[in-house]
> 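Please find one structure pasted underneath; my questions will follow.
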Amino acid sequence: MKKTILAAALVAAFWHAPASFATNWFQLQNNEQPGAAPYTFWGFIQPTYTKNEGGTVSGIPATVVSPVNGANVAVPAALRAYNGQTALFNLVGPDLAHSDQLQMFRARPGVRGVIPGTDEKINYFALAELGNNALTRERQAVLTDATVTFNYIPGARIRVGLGRLPLGEEAMQGVQIMDYINFTTVTDQLLNERFVAPYVNAPGRTSPAVVGAPMAMSQLKGAFGGFRDVGVEVYDWFNRGRWEYAYALMASQANGIDFSDDLNSGITM
């Protein structure tokens, strides 16, 4: 009896549930509507205030027991100096200088449209980033998108240039319509590529007596990938009744928004 009531409740819930919707990001970002103008200027800004209430570092002792020989050894003064300082994960990025900060997090002017004289078969999309975030770590302004799409082959539209990779829903949607300011941890850490310089032991950071092995230091290199890359994408979508199906394949140079191959030389995705 209980199973019957539960099944009836589930059926009633789904029956009265509102309709679900999805977005074809390939079409919205790579193509223009029929009759579109040769150029349309657009963009958005996102001023942001962030305050982290985490405390300072504490508890780093003067001595520790070495895992190598069990002896008490002194903790280097450079390490003990972190006591009383704010931990990096409690600082506001990308500057990592304050625990609270007001900044222009995103500022993106753009232009898009169709190229005249092509019977609306060729369109373009360009967007820049002027805000203070991981894309502008090394430069005050960068291009995040610069693509041209060719719509000549039925079932295989071709987009070339710097643009979004065909990744997950959150990575492809426009940030100005996101429900939250930041990406979810899964999307950010798994899909938003970082480029890291090779590990190099830094002077003053090698303490084999304390940790049992030299400590290798590394650092980020270049801007974050921003779910983008330079390459060629083939894609299209098809309507079948109430359903719409889409596909995308992309070959790219694996260097994010950087047009060079300095970050991942010789690698192609």
> If you take all heavy atoms of I181 and T48, which pair is closest and at what distance?
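Closest pair (atom of I181, atom of T48, distance): CD1-CG2, 4.3 Å.
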> Can a donor-acceptor pair be found, under 3.5 Å and without considering hydrogens, that links the side chain of Q85 to the backbone of A81?
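Yes; judged by distance alone, with no hydrogens or angles, the pair exists.
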> Is a side-chain donor-acceptor pair under 3.5 Å present for D95 with Q101?
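Side chains of Q101 and D95: pair found under 3.5 Å.
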> Cut-off 3.5 Å, side chains only: do N31 and Y235 have a donor facing an acceptor?
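Yes, a side-chain donor-acceptor pair sits under 3.5 Å.
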> Measure from the side-chain N and O atoms of N133 to the backbone N and O of F105, and report whether any donor-acceptor pair falls under 3.5 Å.
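Yes; at least one donor-acceptor contact below 3.5 Å.
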> Is the count of non-hydrogen atoms from other residues, nucleotides or ligands lying under 6.0 Å from Y247 atom OH greater than 12?
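Count over threshold, so yes.
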> Test of understanding: clusters of I, L, V, M, F, W, Y form through side-chain heavy atoms closer than 4.5 Å, transitively. Do I177 and L28 belong to the same one?
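In one cluster with I177: L28, yes.
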> When you compare the side chain of I153 with that of I158, does any pair of heavy atoms fall below 4.5 Å?
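Yes, side chains in contact.
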> Distance-only, no hydrogens or angles: does the N255 side chain make a donor-acceptor pair with backbone N or O of Q253 under 3.5 Å?
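Checking the backbone N and O of Q253 against the side chain of N255, a donor-acceptor pair under 3.5 Å is found.
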> Donor-acceptor pair, distance only, cut-off 3.5 Å: does the side chain of S66 make one with the backbone of A71?
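No; judged by distance alone, with no hydrogens or angles, the pair does not exist.
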> Got a sec, which residues hit side-chain contact (heavy atoms from CB on, under 4.5 Å) with L96, two or more places apart in sequence or on another chain?
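Applying side-chain contact (heavy atoms from CB on, under 4.5 Å) to L96 gives L88, L91.
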> To check you understand the geometry: which heavy-atom pair defines the closest contact between A246 and F26, and what is its length?
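So the two residues come closest at CB-CD1, 4.0 Å.
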> Assess the side chains of E170 and T187: does a donor N or O sit below 3.5 Å from an acceptor N or O?
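Yes - a donor-acceptor pair under 3.5 Å links their side chains.
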> Could you check whether atom OH of Y49 has more than 12 heavy atoms from other residues, nucleotides or ligands sitting under 6.0 Å from it?
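Yes - once you tally the heavy atoms of other residues, nucleotides and ligands closer than 6.0 Å, there are more than 12.
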> Dump the intermediate steps for side chain to side chain contact (heavy atoms under 4.5 Å, CB included) on F183 and M178, then the final yes or no.
CA-CA 8 Å; F183 297 104; M178 290 175 57; 3.6 Å; yes
> Which pair of non-hydrogen atoms, one from L191 and one from A171, has the smallest distance, and what is that distance?
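Shortest heavy-atom separation between L191 and A171 comes out as CD1-CB, 4.3 Å.
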> Measure the CG-CG distance between N24 and N30 for me, rounded to the nearest 0.5 Å.
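One gets 9.0 Å once the value is rounded to the nearest 0.5 Å.
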> Should I45 and Y180 be regarded as members of a common hydrophobic cluster, given that ILVMFWY residues are connected when their side-chain heavy atoms come within less than 4.5 Å of each other, either directly or indirectly?
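Each belongs to a different hydrophobic cluster.
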> Verify the cluster assignment for W42 and V114: are they in a single hydrophobic cluster under the rule of side-chain heavy atoms below 4.5 Å apart?
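Unlinked, W42 and V114 end up in two clusters.
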> Can E32 and N123 be counted as having a side-chain donor-acceptor contact under 3.5 angstrom?
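Short answer, no.
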> Is it true that the side chains of N52 and D100 contain a donor and an acceptor less than 3.5 Å apart?
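Checked: N52/D100 side chains show no N/O donor-acceptor pair below 3.5 Å.
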> Would you say E244 and N239 make side-chain contact, with heavy atoms under 4.5 Å?
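Yes, at least one pair of side-chain atoms sits under 4.5 Å.
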> Do the side chain of D229 and the main chain of G163 share a donor and acceptor less than 3.5 angstrom apart?
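No, the answer is negative, given that no donor and acceptor are paired below the 3.5 Å cut-off.
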> Side-chain heavy atoms under 4.5 angstrom apart, residues restricted to Ile, Leu, Val, Met, Phe, Trp, Tyr: same cluster for L162 and V142?
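Linked within one cluster.
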> When you compare the side chain of N72 with that of V65, does any pair of heavy atoms fall below 4.5 Å?
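Counting from C-beta outward, V65 and N72 do come under 4.5 Å.
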> Do the side chains of Y82 and I60 get nearer than 4.5 Å, heavy atoms only?
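Heavy-atom side-chain distance check passes, below 4.5 Å.
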> Hey, are the side chains of Y152 and I122 touching, using non-hydrogen atoms and a 4.5 Å cut-off?
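Sidechains of I122 and Y152: in contact.
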> How close do A74 and T63 get, counting heavy atoms only, and between which atoms?
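Of all heavy-atom pairs spanning A74 and T63, the closest is CA-CG2, 4.1 Å.
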> To check you understand the geometry: which heavy-atom pair defines the closest contact between L130 and A141, and what is its length?
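Heavy-atom minimum between the residues: CD2-CB, 3.3 Å.
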> Given side chain to side chain contact (heavy atoms under 4.5 Å, CB included), test R240 with Y245 step by step and report yes or no.
CA-CA 8 Å; R240 295 292 184 269; Y245 304 88; 3.7 Å; yes
> Verify, without hydrogens or angle tests, whether S252 (side chain) and V230 (backbone) share a donor-acceptor contact under 3.5 angstrom.
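Side chain of S252 to backbone of V230: no pair is present.
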> Give me each pair satisfying salt bridge (charged side-chain N to carboxylate O under 4.0 Å, His left out) with a member in residues 141-169, each pair once, sequence neighbours excluded.
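Listed by first then second residue: D145-R228, R157-D236, R159-E233.
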> For F227 and N192: C-alpha separation, side-chain torsions, deciding distance, then whether side chain to side chain contact (heavy atoms under 4.5 Å, CB included) applies.
CA-CA 5 Å; F227 314 113; N192 195 6; 3.5 Å; yes
> Do Y124 and V160 sit in one hydrophobic cluster, given that two such residues count as connected whenever their side-chain heavy atoms are within less than 4.5 Å of each other, even indirectly?
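Yes, it is one cluster - the side chains of Y124 and V160 are joined through contacts under 4.5 Å.
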> What I want to check is whether the side chains of N182 and D188 have a donor and an acceptor closer together than 3.5 Å.
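No, D188 and N182 have no side-chain donor paired with an acceptor closer than 3.5 Å.
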> Which pair of heavy atoms, one from Q103 and one from G93, lies closest together, and at what distance?
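That would be NE2-O, 3.2 Å.
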> May I ask you to test the T144-L135 pair for a side-chain heavy-atom distance under 4.5 Å?
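A side-chain contact exists here, since the closest heavy-atom pair is under 4.5 Å.
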> For atom CD of Q33, decide whether the heavy atoms of other residues, nucleotides or ligands shown that lie under 6.0 angstrom number more than 12.
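Count not over threshold, so no.
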> Salt bridge (charged side-chain N to carboxylate O under 4.0 Å, His left out): which pairs involve residues 114-138, sequence neighbours left out?
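Listed once each, the pairs are R108-E129.
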